[in-house]
Participant: 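Mind having a look at this structure? Questions to follow.
Here is how names work: the chains are called A, B, and so on, in the same order as the sequence lines, proteins then strands, and each is numbered from 1.
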Amino acid sequence: MSRTDDTDEEGFTVERWMAYIWAEATRNDNDVFRSEDAAVEAGFDGQVAPPTFGYYLARAASEVGIEAVAEATSSEVDWEGGIYWGEQTLEFHRPLVVGETYRVTDAEITDVEHKAGSSGEFDVVTQKYEIEDDDGEPAFDSYMKTVVMEGEE
Amino acid sequence: MNFDDLVEGREFTKTFEDVRVEDMFVISSITRDNNPIHYDPEAAESLGHPGRVNQGSINMSYATQAVLSALDSPAQLERINVRFERSVYEGETVRATCTVEEMSVDDSEGRVDFSVALHKADGERALNGSATAVFDEV
């Protein structure tokens, strides 16, 4: 997924509904992700976004989406051929919060490793994203590994 | 939990019953994930799955919630890592666990390293991983 309507050069602003609905769909019952009052009571300045939303924000707000990953393996996005999420790491410098505008300052494919396994040959694509908040302070880093199966010749 | 409530080996569990396709639809919509295995049962079946496949982001969130249940505040989560091993399907019941692996204190800052996992009903693990949390002024 490349840059979407959620973002532009001005950055990605986390809106209240995104945090609320992400919490609902992932069955997260902590109300700091739903209400400003609950978050303030818990010591935050405002409503918080679920940490796992960060992986999506990083990818959506950068040019390194699923198409770029497929391109790095000289293929196109082919769900039937097999593209899998292998690994994800999120490192937070501060909590992800609603109302904040985030910018991806660095997004790159750092490695493409060709491997052979029992189900065929595949590439493991490593992506790195560094994200800052609106004040230019480091917010979080995202590291992602995507497995792209090699198509039949 | 306070830092003092944690001890190496202590496990925290959160169970998620009956994984819902409605949640997959929501995550597909928010993330514009057009992979049909998350919404089209026939596409999932033709790729060898017994049902629609829960998104990795939902599985990662389940695992993260086990970690958050061990903390005072989500603000304490410094790092989460997950390696996806198996798919989770609609209707499945899964159990997220996190276990305190190592604790340390440096200059009144407490750090806790956890191992995390998401267990499928058949005993396989959907994911394995680790997490680190920081507790101030312990």
Side-chain angles (χ1 to χ4, degrees), chain A residues 1-2 4-6 15 17-19 21-30 32-33 39 42-45 48-57 59-60 65-66 77-97 119 140-147, chain B residues 14-20 22-38 40 43 46-48 53-65 67-69 71-85 87 96 127-134:
Chain A
M1 193 154 324
S2 57
T4 71
D5 293 342
D6 289 332
E15 296 178 30
W17 68 271
M18 298 174 184
I21 290 175
W22 192 273
E24 283 288 319
T26 57
R27 295 161 79 160
N28 190 327
D29 54 15
N30 190 335
V32 300
F33 303 119
F44 292 97
D45 293 335
V48 188
T52 49
F53 186 72
Y55 102 87
Y56 166 66
L57 190 165
R59 212 175 55 173
I66 195 73
V77 176
D78 172 17
W79 296 123
E80 289 189 18
I83 297 183
Y84 308 100
W85 196 357
E87 185 169 347
Q88 176 68 48
T89 303
L90 292 165
E91 291 180 0
F92 294 96
H93 305 291
R94 59 198 69 239
L96 202 53
V97 293
S119 49
F140 67 98
D141 304 319
S142 174
Y143 302 89
M144 194 168 193
K145 283 183 192 286
T146 307
V147 177
Chain B
K14 278 200 74 139
T15 299
F16 298 88
E17 290 181 3
D18 197 9
V19 166
R20 308 182 293 220
E22 292 79 4
D23 292 340
M24 301 179 200
F25 298 164
V26 168
I27 295 296
S28 286
S29 301
I30 295 180
T31 64
R32 295 168 169 80
D33 178 352
N34 63 2
N35 190 335
I37 61 173
H38 304 308
D40 178 357
S46 75
L47 289 168
V53 180
N54 208 30
Q55 274 94 348
S57 48
I58 301 180
N59 296 339
M60 173 169 64
S61 177
Y62 292 164
T64 303
Q65 288 175 61
V67 180
L68 297 184
S69 76
L71 309 182
D72 286 331
S73 162
Q76 293 169 321
L77 182 70
E78 184 182 74
R79 179 182 158 278
I80 176 90
N81 161 266
V82 297
R83 298 181 305 281
F84 299 102
E85 313 277 2
S87 296
L127 64 80
N128 286 300
S130 60
T132 302
V134 175

Participant: Kindly compute the distance separating CZ (A:F33) from CG (B:L68), expressed to the nearest 0.5 Å.
Facilitator: 5.5 Å
Participant: Any chance CG of A:D45 has more than 12 other-residue heavy atoms, nucleotides or ligands included, within less than 6.0 Å?
Facilitator: no
Participant: Find the distance between NZ (B:K14) and CG (A:N28) and round it off to the nearest 0.5 Å.
Facilitator: 6.5 Å
Participant: Report the distance from atom CG of A:D141 to atom CZ of B:R79, rounding to the nearest 0.5 Å.
Facilitator: 12.0 Å
Participant: Measure the spacing between CZ of A:R27 and OH of B:Y62 and express it to the nearest 0.5 Å.
Facilitator: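 If I round to the nearest 0.5 Å, the distance is 5.0 Å.
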Participant: Could you check whether any side-chain heavy atom of B:T31 comes within less than 4.5 Å of a side-chain heavy atom of A:Y55, counting everything from C-beta outward?
Facilitator: yes
Participant: Considering only heavy atoms from C-beta outward, does the side chain of A:Y56 approach that of B:R32 to under 4.5 Å?
Facilitator: yes
Participant: Below 4.5 Å from any heavy atom of chain A, which atoms of B:I58 appear? Answer side chain, backbone, both or neither.
Facilitator: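 It is both, since atoms from each part get that close.
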Participant: Side chain, backbone, both or neither: which part of A:V48 has a non-hydrogen atom closer than 4.5 Å to chain B?
Facilitator: neither
Participant: Do A:P51 and B:I80 come within less than 4.5 Å of each other through their side chains, counting heavy atoms only?
Facilitator: no
Participant: Could you tell me the separation between the CD atom of B:Q65 and the CG atom of A:D29, rounded to the nearest 0.5 Å?
Facilitator: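 Atom-to-atom, B:Q65:CD and A:D29:CG are 6.5 Å apart.
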Participant: Atom CH2 of A:W85 and atom CG of B:N59: how far apart are they, to the nearest 0.5 Å?
Facilitator: 9.0 Å
Participant: Checking side-chain polar atoms at under 3.5 Å, does A:Q88 have a donor or acceptor matched by the opposite partner on B:N81?
Facilitator: no
Participant: Do the non-hydrogen side-chain atoms of A:F53 and B:I30 ever get within less than 4.5 Å of each other?
Facilitator: yes
Participant: Counting only heavy atoms not in B:E17, do more than 12 fall under 6.0 Å of its CD?
Facilitator: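 Atom CD in B:E17 is not crowded, with 12 or fewer foreign heavy atoms closer than 6.0 Å.
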Participant: So which of B:S87, B:S57, B:S73, B:A75 has the largest heavy-atom pair count under 4.5 angstrom toward chain A?
Facilitator: B:S57
Participant: A:F44 versus chain B, heavy atoms under 4.5 Å apart: side chain, backbone, both or neither?
Facilitator: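 The side chain, not the backbone.
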